[in-house]
2 protein chains.
Amino acid sequence: MLLLAVKAISEANRAFLAAHEIDVVTPDTVTAEQIPEIAISYGWDNRIGEKILAQPHAKLKWIQAQSAGVDYLPLATLKARGINVTNASGLKAEPIAQTVLSYILYFARGLNVYATRQHWEPFTDQYMISELPVLVFGTGRIGQQIAAQIKGFGGTVYGVNTTGRAVPGFDAVYPIGNYQEGLAKARVVVDGLPGTSDTANFFDEYFFEQVNELFLFVNIGRGTTLDQQALLAAIDDTRVRFAALDVTTPEPLPLQHPLFERPQILLTQHTSWGEHANFGRTGGLFRLFEKNVPGFVADGQLTHNVVDLDKGY
Amino acid sequence: MLLLAVKAISEANRAFLAAHEIDVVTPDTVTAEQIPEIAISYGWDNRIGEKILAQPHAKLKWIQAQSAGVDYLPLATLKARGINVTNASGLKAEPIAQTVLSYILYFARGLNVYATRQHWEPFTDQYMISELPVLVFGTGRIGQQIAAQIKGFGGTVYGVNTTGRAVPGFDAVYPIGNYQEGLAKARVVVDGLPGTSDTANFFDEYFFEQVNELFLFVNIGRGTTLDQQALLAAIDDTRVRFAALDVTTPEPLPLQHPLFERPQILLTQHTSWGEHANFGRTGGLFRLFEKNVPGFVADGQLTHNVVDLDKGY
């Protein structure tokens, strides 16, 4: 079976493919004879993709997209040709969830005090994760990964999604129209909302007026979902004790922006997706891809991250 | 059944005891008639303890000590009288393990960079927990709790103990005479050794000479187990990239001590045991105690943290 590696594949991962009798060609080395033989496209390159689809008997059956959204693919053509697509949804869920846990533990265990303290003055009002119930707005891959990590520490985690449908791993899920029920129980709020017209400035003055003693507000969703002035006001009158923001408006923030100047606010500058080995925004793609390899090789089945070609996601 | 609350018991915990038909008296309110009726001493008070043991028909059957070591108790007498002792070993294992995870995530997710950065300059060389195998010296309650948390993040964790006997939750355990096998695989070392004559300055110049690219050295054991000059030398020539120390020699550290002056070193000033609700060094004792209550009430059995009265621990 032949695979076109549009995205680079490491030696170790090539060994995994070889063990499944999958040969690898790259856009630089692929020959005209090999084009119709390609069964898997790992990543998508429009130029070579068109050449493949121009072959009436092309063996292509699986495209692993390098992105969560796949609207740039010729979905109708792919459906007509019986070619399946898997996307990269959740690619960075694990590192982002680890960053969220790092935020919570940073403030909960008092590291914010000790990071800069250069004299001996113990601070002992730490919290356990179990003492800080978390409410996550957004119950997709990232939200679920956060929930799993919180539960691993014996904590409590609530979710908010559109309809309030239950999602495994959350102690309870509330519909976005009634998030207040979850908010009343939470000491940590995680904004993991996608950036749509519905979510613009969702966390605004009205939201923060409902908050009394929030320990920590986290934004790992989109900068546009948060009214930063409203957050600053809530920080300044102590309704919110701490904030950790991975995303902001604008990016980069200018020097002397008020978000830089509050010691209660930690800014990680849109790097929560970072990993050492899987460097870059699509690093770790193989980790998602490989889950489907055994099933695909055995009988052509794909079970993880499969795109509905009619819906486009 | 009567319980003497030498250590304070909260309203919620008193309700738990009431549900098991256990009445509570305190050293201030206990009457001479009640002394021989006391079946459980929650904590130990020498003065009242002597009065109880002076009664030939005292019903005392269980002492919950407020400490890990119990050498201050009259162990031979207790054994002769059929009185069992449970200790407080592992009392702070959960908060200490959470602090250890906070250290690892702090450096792994780049928070050490962002804690003080007041301009926009993304740092993206983060690590996942799975990229930083951990070697824990000490496989008791605290070590096991650390191991469980590391595994919860999909990480790898090795242990070191006296004999190399396997301990659940560790991927492998090495004897202290051959810790090098574990060290070769580790990027994080956690010093959780007790303070004995054998462990004094265990982590010395010789130890750090064997280290090449250690990501993080953690001490949550005893300050005396670490030669701090040897650690500073290893930090300064980059064999060790970061260190997080909860315990030091001396405590408190004087102003301008070199440990305060290295930005690569985080000092949490012997506070890793902190919790918000269970404030103080014996806070959380009831959490250990309550595990034994149902069994004791049912048939006098104690199964958690039971002291061997011959060995004394």
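The chains referred to below are lettered A, B, ... by the order of the sequence lines, with proteins before strands, and numbering in each begins at 1. Bear in mind the structure is a predicted one, so any value in this text is a computation, not a measurement.
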Okay, side chain of Gln98(A), backbone of Met128(B): is any donor-acceptor separation there less than 3.5 Å?
-> no
Using side chain to side chain contact (heavy atoms under 4.5 Å, CB included) as the criterion, point out the one residue from Ile104(B), Leu111(B), Ile129(B) that pairs with Ser102(A).
-> Leu111(B)
For Thr271(A) and Phe123(B), what are the C-alpha separation, side-chain angles and deciding distance, and is it a side chain to side chain contact (heavy atoms under 4.5 Å, CB included)?
-> CA-CA 7 Å; Thr271(A) 63; Phe123(B) 165 84; 5.7 Å; no
How are the rings of Phe260(A) and Trp120(B) set relative to one another: parallel (under 30°), tilted (30 to 60°) or perpendicular (over 60°)?
-> perpendicular
Do you know which of Glu261(A), Glu121(A), Gln145(A) has the most heavy-atom pairs under 4.5 Å to chain B?
-> Glu121(A)
Could you check Tyr103(B) against Tyr106(A) for ring pair (Phe, Tyr, Trp, His ring centres under 6.0 Å), going step by step and ending with a plain yes or no?
-> CA-CA 8 Å; Tyr103(B) 294 155; Tyr106(A) 175 74; over 10 Å; no
Atom CZ of Arg109(A) and atom OG1 of Thr99(B): how far apart are they, to the nearest 0.5 Å?
-> 3.5 Å
Chain B contact via Leu267(A) - which portion, at a heavy-atom distance below 4.5 Å = backbone
Point-to-point distance, once rounded to the nearest 0.5 Å, from CD of Gln118(A) to NE2 of His257(B) | 13.0 Å
Tell me, for Thr248(A) versus chain B, whether the close heavy atoms (under 4.5 Å) come from the side chain, the backbone, both or neither.
-> side chain
Has the side chain of Gln149(B) got a donor or acceptor atom that lies under 3.5 Å from a matching backbone atom of Gly152(A)?
-> yes
Under a 4.5 Å heavy-atom cut-off, does chain A meet the side chain of Thr116(B), its backbone, both or neither?
-> side chain
Leu101(B), part contacting chain A, at a heavy-atom distance under 4.5 Å = both
For Trp273(A) and Thr124(B), run side chain to side chain contact (heavy atoms under 4.5 Å, CB included): C-alpha distance rounded to whole Å, both residues' side-chain angles, the deciding distance at 0.1 Å, then the answer.
-> CA-CA 8 Å; Trp273(A) 51 271; Thr124(B) 54; 4.3 Å; yes
Might you confirm whether atom CZ of Arg14(B) has over 12 heavy atoms from other residues, nucleotides or ligands at distances under 6.0 Å?
-> yes
Steps toward side chain to side chain contact (heavy atoms under 4.5 Å, CB included) verdict (Glu275(A), Gln126(B)) = CA-CA 5 Å; Glu275(A) 301 174 67; Gln126(B) 283 91 339; over 6 Å; no
Can you establish whether the number of heavy atoms outside Arg117(A) located under 6.0 Å from its atom CZ is more than 12?
-> yes
